[in-house]
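Each remark here refers to the structure printed beneath this line.
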Amino acid sequence: PEIPKIAIVSLINWMKREGYTGNFFDIDMLLPTDKEIFDYFKELQPDVVGLSAVLSTSYFQVKRMSKIVKEACPDSVVTMGGNMAVSANLLLRKTVIDFCILGDGEKTFVDLLDYIKDHENEKEFEKLSKIKGLAYINKEDEIISKTLIYKEQ
C-alpha cells in the first residue's frame, strides 16, 4: 500500500498545531479523473490549496491541477511547494499558481495562512515581503523570492 508523503503529513501537522484545519487529497494514491478533482474542489471551496511537486517532470501535472482548482474555486489561493518550487519564475508566470513555497515549507505556509486570514485575496506586497520562503509576482511584474537562511546549530 502507498502511504501519504511525509512532507505533506508534516505540513498538515504543523497547520493543526497552529490552529488551522486541512484536508489531504492524494491524487497519486487515488488517481481521480479531472472531473472528480473538479467536483471535489467545487464542493469543498477551500480558501487555500497547496500543491506539491518534487520533480520537474511534474510541471504539466501542476499546470493542469492548478487550472482545474482555479476553475472549480476561482477565489482560492493556489500555492505550490516541493523541489519544483525553485522554478518559481516559470510556475508563477505560466500557471495560475499564486505563490510558491521554497524550502521546508511548514513555517512559510502557516505564515502565508496567517496573512491570508488577515488580508484575504488582497496582495499587500510590503507585508508579503516579510514572509521568508515565499515567492510571488509583485505589482511591477517582478518575481520576489525571500529565501530562508538556515544556520548550523
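This chain uses plain numbering: 1 for the first residue, then up along the sequence. Basis for what follows: all heavy atoms, side chains included, without hydrogens, waters or symmetry-related copies.
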Mind checking what makes side-chain contact (heavy atoms from CB on, under 4.5 Å) contact with [X], not counting sequence neighbours?
X      : answer
Ser66  : Leu51, Val78, Thr95, Val96, Ile97
Lys16  : Ile12
Asn138 : Phe125, Tyr136, Glu140, Glu142, Ile144
Lys35  : Thr33, Asp39

| query | Got Val110 and Trp14 here, is their nearest side-chain heavy-atom distance under 4.5 Å? | reply |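 Counting from C-beta outward, Val110 and Trp14 do come under 4.5 Å.
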| Hey, are the side chains of Leu92 and Cys100 touching, using non-hydrogen atoms and a 4.5 Å cut-off? |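 Answer yes - side chains close enough.
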| query | With Phe38, which residues qualify under ring-ring contact (aromatic ring centres under 6.0 Å, His included), at least two apart? | reply | none
| query | Does Tyr115 have any ring-ring contact (aromatic ring centres under 6.0 Å, His included) partners at least two apart in sequence or in another chain, and if so, which? | reply | His119
| task | Examine distances only and state if a side-chain atom of Thr108 and a backbone atom of Leu134 form a donor-acceptor pair shorter than 3.5 Å. | result |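 Flag not set: sc Thr108 to bb Leu134 has no pair under 3.5 Å.
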| query | Are any side-chain N or O atoms of Tyr59 and backbone N or O atoms of Ala53, one a donor and one an acceptor, separated by less than 3.5 Å? | reply |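 Not at all, since once roles are kept as given, no pair shorter than 3.5 Å links the two residues.
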| Hydrophobic cluster membership, Tyr20 vs Val48, 4.5 Å side-chain cutoff | yes
| field | Hphob cluster co-occupancy, Val69 + Phe60, side-chain heavy atoms under 4.5 angstrom | value |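 Result: yes, single cluster for both.
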| said: Listing request: all salt bridge (Lys or Arg N to Asp or Glu O under 4.0 Å) pairs with a residue in residues 73-99, at least two apart in sequence or in separate chains. | reply: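 Applying salt bridge (Lys or Arg N to Asp or Glu O under 4.0 Å) to every pair that reaches into residues 73-99, excluding sequence neighbours, yields Lys70-Asp98, Arg93-Asp141.
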Identify the two heavy atoms, one from [X] and one from [Y], that lie closest to each other, and give their separation to 0.1 Å.
X      : Y      : result
Ala135 : Leu102 : CB-CD1, 4.1 Å
Pro32  : Ile37  : CG-CG1, 3.5 Å
Thr21  : Met15  : O-CE, 3.4 Å

| request: Check side chain to side chain donor-acceptor pair (under 3.5 Å) between Lys107 and all other residues, then give those that pass, not counting sequence neighbours. | output: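 Scan of Lys107 (side chain to side chain donor-acceptor pair (under 3.5 Å), adjacent residues dropped) gives Asp111.
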| said: The criterion is side chain to side chain donor-acceptor pair (under 3.5 Å); which residues satisfy it with Asn13, sequence neighbours excluded? | reply: none
| task | May I have the step-by-step check of side chain to side chain contact (heavy atoms under 4.5 Å, CB included) for Val77 and Val49, ending in yes or no? | result | CA-CA 6 Å; Val77 173; Val49 175; over 6 Å; no
To the nearest 0.5 Å, what is the distance between [atom1] on [X] and [atom2] on [Y]?
X      : Y      : atom1 : atom2 : value
Phe99  : Ile116 : CZ    : CD1   : 6.0 Å
Lys127 : Asp114 : NZ    : CG    : 12.5 Å
Glu124 : Ser129 : CD    : OG    : 11.0 Å
Leu91  : Ile143 : CG    : CD1   : 9.5 Å

| How would you list all residue pairs meeting side chain to side chain donor-acceptor pair (under 3.5 Å) that involve residues 43-52, not counting sequence neighbours? |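 Non-adjacent pairs meeting side chain to side chain donor-acceptor pair (under 3.5 Å): zero.
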